[in-house]
Amino acid sequence: MEIGKTYNPKEAEAKWYPYWMKNNFFASKPDKTKKPYTIVIPPPNVTGVLHMGHMLNNTIQDVLIRRARMLGYNACWVPGTDHASIATEAKVVALLKEKGIKKTDLSREDFLKHAWEWKEKYGGIILEQLKHLGASCDWDRTKFTMQDELSDAVLDVFVDLHKKGHIYRGVRMVNWDPQGLTAVSDEEVIHKEKDSQLVYINYKIKGSSEHVTIATTRPETIMADTAVCVHPEDERYQHLKGKLVIIPLINKEVPVIFDDYIDKEFGTGALKVTPAHDINDYNLGIKHKLPVIDALTADGKISEAAQIYIGMDRFACRKQIIKDLQEQGFVTKIETIKNKVGHSERTDAVIEPRLSMQWFLKMDKISKPALDAVVNDDPEVKLIPEKFINTYKHWMENVHDWCISRQLWWGQRIPAWYDGQGNTVVCKTKEEAFEKLRSTNTEVRMENIKQDEDVLDTWFSSWLWPLTVFDPHIIKNGWDKANEDLKYYYPTNDLVTAPEILFFWVARMIIAGKEYTGQKPFTNVYLTGIVRDKQGRKMSKSLGNSPDPLELIKKHGADGVRVGMLLSSPAGNDLMFDETYCEQGRNFANKVWNAFRLIKGFMVEDIKQTEAQKEAILGFEIRFSEQLELINDNYSKYRMSDALMKTIKLFWDDFCAWYLEAIKPDFIDGQAQPIDKSTYQTTINFLEQLMVIIHPWMPFITEEIWHLIGERKQNDCCIVANWPKSQSLKEDLLKEYDSTKWIITTVRDTRAQKKLSPKDKLELFETSSKPISHFRNFVIKLANLNKYELTSEKIEGTISFIVNDSSFQIPVSVNVEEERERILKEIDYNKGFLKSVQVKLANEKFMNNAKPELVELERKKEADAMGKIKTLEAQLSSLK
RNA sequence: GGGGGGUUAGCUCAGCUGGUUCAGAGCACCUGCCUUACAAGCAGGGGGUCACUGGUUCGAACCCAGUACUCCCCA
């Protein structure tokens with residue numbers, strides 16, 4: 001068989017993903033004889049294409065799910081997408097616009113037809129892309145938040161929560177997106193620091209020649225002013241009590257009010273009060289019973305109520321009004337200040353605080369169990385890393401009511417019905433609504449009943465995700481009648497998501513889970529960081545600093561990219577991505593490939609196993625067990641990068657550099673020597689176990705090698721192989737094995753120092769009360785010795801070194817002066833060390849306070865150091 | 001303004017209950033090797049005032065206070 005010198009990922013990827021699919025390895029069905037391990041995917045936006053954040057997130061999920069599968073769990077990873085109302089609607093609107101169709105010209109039904117067409121055609125591209133990464137999702141379970149059954153559940157929840165009194169309708173100041181023409185939640189507003197002009201404007205005081213100066217960054221709203229407010233204790237304005245002031249340009253009279261809400265220091269200490277356009281002013285307005293004048297239209301233009309500039313865009317108006325006010329002498333100065341301006345996450349339009357009728361979910365009571373589930377000494381839901389608990393707590397304790405209505409068409413339409421006479425009922429169908437309305441309005445007629453025009457916030461459907469992907473009828477039926485799937489898979493095990501949506505989504509899923517099943521939706525929440533470029537900038541389309549994930553996969557292989565993503569991504573910390581990480585991953589894949597090539601090339605014959613081979617096997621066995629334990633421990637703590645690095649080093653260092661080098665048969669006269677059957681078979685076993693533990697990180701190459709090792713039955717695949725079990729730790733042996741590595745390294749170093757070729761064989765003499773016993777031939781092989789003997793003599797003309805309690809000598813030509821220097825330096829160091837230990841031991845307070853084990857340890861350190869010094873001094877004297 | 005992080009080698013990060021040889025890893029760098037698995041490699045090596053100041057302690061990268069810089073969230 002011809003095996004290439006470098007690993008070719010493309011072939012393996014094209015081969016094994018379809019093979020896994022065909023054999024249903026990703027599929028999961030409830031099976032009472034096995035424990036479930038479940039992850040629901042954070043459903044990507046249906047309009048989305050794969051970006052680096054998805055890569056990180058889904059690689060982690062795939063690693064977890066693949067390992068769980070190998071550990072024998074019934075592993076189920078549910079994929080799907082989110083309908084993303086505002087983003088999708090914006091996309092469809094844009095597409096229609098290109099075709100010359102205006103949304104406003106379409107009926108709701110026709111628009112939705114277009115939207116569904118778009119979804120069928122382009123939605124879900126991202127799921128196909130995930131397959132290139134190797135994501136082992138159970139694709140038969142793919143869900144979409146707006147598919148019929150899931151939508152139905154959303155309406156059930158709305159009706160139910162309304163019945164329970166948690167949902168209400170009210171006029172509120174909302175964050176209005178004048179471009180998307182919808183309200184957006186607080187969480188969807190991005191505050192950006194901007195340079196703004198703070199304009200100082202004089203308002204004349206009625207019946208006086210004086211004026212009062214207000215400062216505002218929003219002069220275009222002065223027509224909506226209904227008062228000017230000053231601090232009751234502000235001495236500058238005491239004379240204004242009971243006075244009226246006149247708004248420039250429109251010459252409207254408004255009262256001066258007094259409230260200690262005012263910050264005397266900001267601007268002039270006098271505030272224009274515009275209840276319709278600022279949340280604080282709105283509250284002031286309520287308190288002081290001020291009228292509300294809405295001077296802006298829904299799309300951000302000046303309304304008729306403003307009297308002037310009608311129809312002008314708000315920003316154009318701002319420029320114009322400043323100019324006009326200046327010309328008429330009302331402006332005293334203009335300052336440039338920095339302030340935060342809210343922008344819509346979806347359309348990037350400047351958010352306008354706006355009063356409107358919206359539906360809200362009351363959060364105070366319903367969120368309580370979700371707070372307790374996380375913030376607790378022994379929490380039901382664990383956040384990883386823990387530092388997010390504080391953030392979560394802070395948010396949940398100050399939670400605001402959730403505005404759940406959106407002025408859009410793409411989404412679940414709010415199941416509220418109006419009879420046109422001020423009666424509202426909430427229920428799923430028009431027929432039901434008719435019945436209900438009739439009880440208060442006997443005159444009501446079917447054709448007069450109108451459904452609410454708005455749809456629900458997308459998060460109002462995705463908060464049900466872990467429930468409805470398994471049982472969409474759970475809301476209706478209740479937990480007791482939940483279907484088999486939900487009972488089996490819920491609560492899920494791990495959720496992998498970004499901290500940015502801890503509140504949007506994670507908290508709300510816990511709320512919904514608690515409300516409808518009395519249980520948490522997941523046990524662990526692994527919060528990934530943000531993928532940034534190496535300058536620390538967030539990756540974004542507009543900056544163009546994000547590599548195309550699929551290109552990366554093409555270039556470095558899926559396995560390489562997966563490793564690259566995880567090499568440096570501790571939970572919750574941002575990842576400074578650099579393509580060289582993928583190179584490291586690719587390099588490792590190549591290393592694995594070549595180790596396999598070496599093993600595959602061995603000539604196996606019926607010969608005797610060498611002692612060095614026996615010892616190497618023992619060494620690797622104990623090392624493998626030791627490291628496997630540590631790797632398992634890292635996994636259990638979700639320390640993914642650590643688990644990965646240990647796995648890589650176990651293969652690269654322990655297996656390749658130490659084990660394979662030790663068992664590799666020699667070349668004699670350019671002729672590779674054969675290997676014995678036993679060593680070969682053991683090596684293959686080791687390789688298989690290593691493929692298994694590497695598999696979650698690098699599924700493709702490991703599956704490829706698994707099958708190249710030998711003929712396999714159809715179902716005998718790496719993906720479903722058993723995770724290895726570690727043997728009991730043999731600490732003494734491990735310690736000896738570690739010592740042998742030090743000995744070997746030191747011999748090699750000596751060779752390098754003496755400018756000897758690695759091919760030159762050396763002799764080694766050991767002086768020890770407890771000499772190396774299990775790995776002597778291993779040392780001979782790897783240090784390339786022709787003699788390794790015990791002695792109690794000082795041999796003349798040797799370089800000497802110490803490993804643990806033993807001293808070693810290598811006969812080589814020695815520069816006595818240099819050697820003396822070196823030993824003296826080492827004696828010096830050890831004496832210093834000894835002194836520090838002895839100071840500790842002489843310290844009464846230490847002796848009284850420190851734990852006994854610790855004192856014991858210090859005594860051992862003292863003895864070790866003294867022993868070492870003695871040995872070194874002996875070496876020194878033997879130099880003479 | 002309120003809340004939460006972070007600052008350890010050139011870079012990216014570990015360092016768990018304060019206690020060996022605890023100052024570490026990977027990359028980068030330097031030296032020597034095209035040694036027939038692998039130059040995407042092998043062998044070896046150098047490199048840090050643990051941001052700063054003070055405190056607690058027998059003992060501090062680790063605990064406390066303050067300072068500087070920085071990131072995130074909320075208002």
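In the text below, chain A, chain B and the rest are named by the order of the sequence lines, each starting its count at 1. Because the structure is a prediction, the values reported are computed rather than measured.
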Asks: Expressed as a whole number of Å, how far does the P atom of B/G45 sit from that of B/G24?
Replies: 14 Å

Asks: Between B/A43 and B/U49, how far is it from one P atom to the other, in whole Å?
Replies: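 Per the computed distance, 30 Å lies between those P atoms.
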
Asks: Among the nucleotides B/A14, B/C16, B/G19, which one has an atom lying closest to any side-chain atom of A/F846?
Replies: B/G19

Asks: A/N587 side chain N/O closer than 4.0 Å to the phosphate oxygens (OP1, OP2) of B/G41?
Replies: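 For B/G41, OP1/OP2 do have a side-chain N/O of A/N587 under 4.0 Å.
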
Asks: Which listed nucleotide (B/G44, B/A37, B/G5) is nearest to the side chain of A/E661?
Replies: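 Closest of the options to the side chain of A/E661: B/A37.
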
Asks: For B/A39, take OP1 and OP2 only and decide whether either is under 4.0 Å from a side-chain N or O of A/K5.
Replies: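 So the side chain of A/K5 is within the cut-off, an N or O lying under 4.0 Å from OP1 or OP2 of B/A39.
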
Asks: Picking from B/A37, B/A43, B/G15, which would you name as closest to the side chain of A/A657?
Replies: B/A43

Asks: When you get a sec, tell me which of B/C72, B/G4, B/U21 is the closest nucleotide to the side chain of A/N830?
Replies: B/U21

Asks: Would you indicate which nucleotide in B/G44, B/A75, B/U12 comes nearest to any side-chain atom of A/Y581?
Replies: B/U12

Asks: Picking from B/G5, B/C27, B/C38, which would you name as closest to the side chain of A/K387?
Replies: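 Shortest atom-to-atom distance from the side chain points to B/G5.
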
Asks: From the set B/G3, B/C71, B/A40, return the single nucleotide nearest to any side-chain atom of A/R532.
Replies: B/C71

Asks: Choose from B/C13, B/G41, B/A40 the nucleotide whose nearest atom is closest to any side-chain atom of A/M576.
Replies: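 Closest nucleotide among those given: B/C13.
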
Asks: Under 3.5 Å, is there an N or O donor on one side and an acceptor on the other linking the side chain of A/K591 and the base of B/C38?
Replies: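 Flag set: donor-acceptor pair detected.
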
Asks: Establish, with yes or no, whether the OP1 or OP2 oxygen of B/C42 is under 4.0 angstrom from a side-chain nitrogen or oxygen of A/W652.
Replies: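 So the side chain of A/W652 is within the cut-off, an N or O lying under 4.0 Å from OP1 or OP2 of B/C42.
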
